[in-house]
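So the structure is just underneath, and the comments pick up after that.
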Amino acid sequence: QVQLVESGGGLVQAGGSLRLSCAASGTIFSINAMGWYRQAPGKQRELVALSTSGDTTNYADSVKDRFTISRDNAKNTVYLQMNSLKPEDTAVYYCNAQGVKTWRHGRENMYWGQGTQVTVSS
């Protein structure tokens, strides 16, 4: 079984910074993509940033130039550096791993972390 464990959420004032971390553990052969989604109260879960195994990164327009995703493939870990935070960034942030194989010829699965709260005060 594969687990994603997030850390780094919290309360910060507008304009501040936070860094989220997510480590995947368990029997892992390969991971295609790792990234972050968020869900604010009353809203649908949305993509924040995604990093693929080919070093391609995708960002939501609302976080471009403020957030940076990075990945340590050797540690199966993904980070999200969030700068210039705004109150509208307040949400539960979920780590996501896609195309996870537990062995070379196994099927690909997707996993989610438990979520970490990020609250930005004005």
Side-chain angles (χ1 to χ4, degrees):
Q1 184 69 359
V2 175
Q3 290 186 324
L4 303 181
V5 179
E6 302 131 332
S7 60
L11 173 64
V12 65
Q13 288 188 332
S17 298
L18 283 174
R19 186 179 190 234
L20 305 182
S21 300
C22 171
S25 63
T27 303
I28 298 171
F29 174 77
S30 62
I31 301 176
N32 183 30
M34 293 188 77
W36 297 90
Y37 288 70
R38 68 186 181 187
Q39 188 167 18
K43 295 188 177 181
Q44 290 188 333
R45 191 173 297 189
E46 63 176 1
L47 172 70
V48 177
L50 192 69
S51 172
T52 70
S53 58
D55 291 331
T56 300
T57 55
N58 295 309
Y59 293 94
D61 288 341
S62 59
V63 306
K64 282 180 180 177
D65 300 324
R66 298 190 298 122
F67 291 10
T68 302
I69 188 170
S70 60
R71 190 171 160 187
D72 186 335
N73 291 323
K75 296 181 179 180
N76 291 324
T77 300
V78 65
Y79 306 95
L80 185 68
Q81 178 66 44
M82 304 186 293
N83 299 328
S84 302
L85 282 160
K86 303 175 181 180
E88 50 263 44
D89 294 318
T90 295
V92 177
Y93 284 69
Y94 294 91
C95 180
N96 173 262
Q98 302 177 16
V100 181
K101 288 186 176 181
T102 57
W103 64 293
R104 180 183 293 273
H105 301 296
R107 71 174 189 177
E108 297 183 343
N109 291 300
M110 183 170 70
Y111 296 91
W112 291 94
Q114 80 283 359
T116 185
Q117 177 70 46
V118 171
T119 303
V120 185
S121 63
S122 57

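This is a predicted model, so every value here is computed, not measured.
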Review point. E108: what forms a salt bridge (charged side-chain N to carboxylate O under 4.0 Å, His left out) with it, not counting sequence neighbours?
Key: none

Check your understanding: Under the ring-ring contact (aromatic ring centres under 6.0 Å, His included) test, which residues partner Y37, sequence neighbours left out?
Key -> W112

Practice item. Say whether V92 and Y111 are linked into one hydrophobic cluster, either directly or through other cluster members, by side-chain heavy-atom distances under 4.5 angstrom. Key: no

Check your understanding: How about E88: does its CD atom have over 12 heavy atoms from other parts shown lying under 6.0 Å from it?
Key -> yes

**Study point:** Single-linkage hydrophobic cluster I31~Y94, side-chain heavy atoms < 4.5 angstrom
**Key:** no

Review point. Are L18 and Y79 in one and the same hydrophobic cluster, where Ile, Leu, Val, Met, Phe, Trp and Tyr link if side-chain heavy atoms are under 4.5 Å apart?
Key: no

Revision key, fill the gap. When rounded to the nearest 0.5 Å, the distance separating CD1 of I69 from CE of M34 is 8.5 Å

Point to revise | Nearest-0.5 Å distance, CD1 of residue I28 to CD of residue Q1 | key: 10.5 Å

Exercise for review: State, to 0.1 Å, how close S84 and S17 come at their nearest heavy-atom pair, and which atoms those are.
Suggested key: N-OG, 4.4 Å

Check your understanding: P87 and A14: which non-hydrogen atoms are nearest, and at how many Å?
Key -> CD-CB, 4.1 Å

Check your understanding: According to a 4.5 Å side-chain heavy-atom criterion applied to Ile, Leu, Val, Met, Phe, Trp and Tyr, with indirect links allowed, do L47 and M110 form part of one hydrophobic cluster?
Key -> yes

Practice item. Can you see which heavy atom on Q114 is nearest to which on V5, and at what distance? Key: OE1-CA, 4.2 Å

Exercise for review: State, to 0.1 Å, how close V100 and V2 come at their nearest heavy-atom pair, and which atoms those are.
Suggested key: CG1-CG2, 4.2 Å

Study note, to complete from the structure: dist K86:NZ -> S122:OG (nearest 0.5 Å) comes out at 14.0 Å

Review point. Between T27 and W103, does a side-chain contact (heavy atoms from CB on, under 4.5 Å) hold up when you go through it step by step?
Key: CA-CA 8 Å; T27 303; W103 64 293; over 6 Å; no

Exercise for review: Might you work through the side-chain contact (heavy atoms from CB on, under 4.5 Å) test for M82 and V118, ending with a clear yes or no?
Suggested key: CA-CA 10 Å; M82 304 186 293; V118 171; 3.9 Å; yes

Check your understanding: Is L80 reachable from L50 through a run of I, L, V, M, F, W or Y residues, each pair having side-chain heavy atoms under 4.5 Å apart?
Key -> no

Practice item. Name all residues meeting the salt bridge (charged side-chain N to carboxylate O under 4.0 Å, His left out) criterion together with D61; count only those two or more places apart in sequence or in a different chain, and write none if there are none. Key: K64

Review point. Measuring from D65:CG to N83:CG, what's the distance to the nearest 0.5 Å?
Key: 11.0 Å

Point to revise | Spatial distance of atom NZ (K75) from atom OG (S25) [nearest 0.5 Å] | key: 14.5 Å

Revision key, fill the gap. Residues K101 and R104: closest non-hydrogen pair is NZ-O, 3.3 Å

Review point. side-chain contact (heavy atoms from CB on, under 4.5 Å) between E6 and L20: does it pass, once the steps are laid out?
Key: CA-CA 7 Å; E6 302 131 332; L20 305 182; over 6 Å; no

Practice item. Keeping to residues at least two apart or across chains, list the disulfide (SG to SG under 2.5 Å) pairs with something in residues 20-120. Key: C22-C95

Practice item. Keeping to residues at least two apart or across chains, list the side chain to side chain donor-acceptor pair (under 3.5 Å) pairs with something in residues 50-59. Key: N32-S53

**Study point:** Qualifying residues under side-chain contact (heavy atoms from CB on, under 4.5 Å), relative to S62, sequence neighbours excluded
**Key:** R38, A60

